[in-house]
Amino acid sequence: MKKVLILPGDGIGPEIVAEADKVLSRVAELHGLDIERDYGLIGGASIDEHGIPLTEDTLERARGSDAVLLGAVGGYRWESLDISVRPEKGLLGLRAGLDLFANLRPAILYPQLAEASTLRPEVVAGLDIMIVRELTGGIYFGQPRGIRTLDNGERQGFNTLVYSESEIERIGRVAFETAQRRQGRLCSVDKANVLECTELWREVMTRLSAEYPDVTLSHMYVDNAAMQLVRAPKQFDVMVTTNMFGDILSDCASMLTGSIGMLPSASLNANGQGMYEPIHGSAPDIAGRGIANPLATILSVAMMLRHSLDAAGAAEAIERAVSRVLDQGLRTADIHSPGTQKVSTAEMGAAVVAALG
Ligand code: IPM
Ligand code: MG
């Protein structure tokens with residue numbers, strides 16, 4: 001039996017997770033999978049109930065699960081709280097607490113959505129990029145950090161970008177192995193011309209490449225990478241980068257596919273345990289209206305089945321079902337275009353369940 005902890009979170013989180021949960025039930029039934037589900041609070045929902053965004057109990061239950069399925073965290077209501085207790089800290093606490101250092105963010109363009117991209121169809125047709133983002137180090141977690149008052153009374157904010165060789169090496173290995181299973185091309189993104197920390201990053205990636213002769217490694221500065229992603233995204237197969245650069249580049253890559261509402265993610269530790277979430281946020285502006293796109297969360301369930309629940313066949317079934325509903329012309333508002341049928345969050349979820357068979 002496999003255990004999954006479900007943390008819907010805030011904003012549109014509960015709406016999209018409810019649909020993904022139905023898909024998980026159905027696929028488990030069809031493929032004879034024995035999955036025990038447990039539910040918990042994260043982010044603002046946890047703050048409202050317990051005063052903190054992630055309780056020790058939730059973290060313990062996450063540690064005891066094979067996988068965590070998460071919706072999204074954050075919202076206007078909690079924005080005035082101190083940064084140390086904001087909803088986002090719950091997410092960062094889970095990532096750190098489970099040592100989920102490897103974040104896989106695929107950016108795949110479904111051919112049915114070529115028209116939904118803001119880029120010309122010929123630029124994005126056939127797009128299939130995997131961004132491997134380091135998730136538990138770098139400037140997000142580096143010490144010292146804070147806001148201090150200088151002798152002259154002026155305040156100064158400071159954060160630290162820090163990576164040890166072993167941290168770079170372990171994310172590098174995940175990226176090289178990912179590239180081996182794909183087209184064998186890995187682009188490491190850094191700012192080695194300015195930041196010593198990423199000079200070391202480049203050096204370690206280069207050293208590692210000797211162990212993966214079947215992978216072609218290239219390096220790119222992050223500013224250029226952002227530009228190339230928009231100019232000619234199909235040049236990329238796998239990209240590997242730091243926590244903050246990966247945060248930025250994955251949002252950028254997501255829009256190539258038509259909507260940030262389509263992209264799932266997996267965050268893995270060394271034991272194959274993982275947390276699965278859509279890369280979009282809690283979208284408080286549309287929360288409660290039943291119009292959010294549940295497909296990124298549904299596709300996150302597919303990643304969960306593949307990477308943590310040892311059920312690749314079920315994962316493929318979900319991916320095929322998603323493709324089928326797109327073929328049927330069903331679209332939530334974010335990917336809607338003339339000639340397609342606009343559906344709600346729940347209608348989209350039901351259509352995927354039906355398409356599973
Ligand atoms: C993401 C998000 C998070 C991040 C936020 C919500 C803390 O933007 O998963 O990309 O910055 O990592
Ligand atoms: Mg982000």
Side-chain angles (χ1 to χ4, degrees), residues 7-14 16-17 41-47 52-54 59 62 68-79 81-107 129-142 145 159-161 163 167 171 189 222 225-226 229 239-257 259-269 274-287 292-293 296-297 299-300 303-304 334:
L7 304 173
D10 311 320
I12 59 171
I16 55 181
V17 166
L41 301 173
I42 182 92
S46 175
I47 294 175
I52 48 173
L54 173 67
L59 182 56
V68 177
L69 178 66
L70 188 137
V73 298
Y76 308 130
R77 273 199 301 137
W78 306 284
E79 267 169 17
L81 292 175
D82 188 84
I83 197 164
S84 63
V85 289
R86 286 228 202 115
E88 288 77 4
K89 277 285 170 195
L91 185 56
L92 296 178
L94 264 180
R95 289 174 180 172
L98 296 178
D99 204 15
L100 305 169
F101 68 92
N103 185 212
L104 308 182
R105 298 192 161 188
I129 303 175
M130 179 65 87
I131 297 183
V132 179
R133 170 188 176 193
E134 200 291 327
L135 202 60
T136 50
I139 199 164
Y140 271 50
F141 292 94
R145 62 192 296 154
N159 288 89
T160 304
L161 173 60
Y163 272 113
E167 281 179 300
I171 192 67
V189 177
V222 64
L229 266 177
M239 301 174 92
V240 62
T241 192
T242 64
N243 203 341
M244 186 159 76
F245 294 165
D247 178 46
I248 299 165
L249 293 180
S250 60
D251 265 32
C252 179
S254 74
M255 263 325 279
L256 306 173
T257 71
S259 170
I260 195 168
M262 292 298 298
L263 295 202
S265 76
S267 307
L268 306 170
N269 67 20
M275 177 158 79
Y276 298 82
E277 52 178 321
I279 83 151
H280 60 71
S282 58
D285 53 324
I286 59 163
N293 186 347
T297 317
L299 290 167
S300 298
M303 289 191 93
M304 174 169 89
D334 57 312

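For ligands, and for the atoms within them, numbers begin at 1 and follow the listed sequence. Side chains are part of it too, since the values below use all heavy atoms of this structure and drop only hydrogens, waters and symmetry mates.
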Is it true that a side-chain atom of D10 and a backbone atom of G44 form a donor plus acceptor pair closer than 3.5 Å?
yes

Does even one non-hydrogen atom of D247 get within less than 4.0 Å of ligand 1?
yes

Is the shortest distance from a heavy atom of R95 to ligand 1 less than 4.0 Å?
yes

With heavy atoms under 4.0 Å as the rule, classify the contact between R133 and ligand 1 as side chain, backbone, both or neither.
side chain

Can you find a heavy atom in the side chain of L91 that is under 4.5 Å from one in the side chain of M275?
yes

Could you check whether atom CE of M244 has more than 12 heavy atoms from other residues, nucleotides or ligands sitting under 6.0 Å from it?
no

Return yes if some donor-acceptor pair links the side-chain N/O of R86 with the main-chain N/O of L81 below 3.5 Å, else return no.
yes

Taking N, O or S atoms only and a limit of 2.8 Å, check whether D247 reaches the Mg ion (ligand 2).
yes

Minimum-distance protein heavy atom relative to atom 11 (O) of ligand 1
Y140 OH, 2.6 Å

Contact check, R86 vs ligand 1, heavy-atom distance below 4.0 Å:
no

Donor-acceptor under 3.5 Å (R145 side chain, Y140 main chain)
yes

Please report which non-hydrogen protein atom sits nearest to atom 1 (C) of ligand 1, along with the residue it belongs to and the distance in Å to one decimal place.
R105 NH2, 3.4 Å

Shortest non-hydrogen contact from F101 toward I171
O-CD1, 3.6 Å

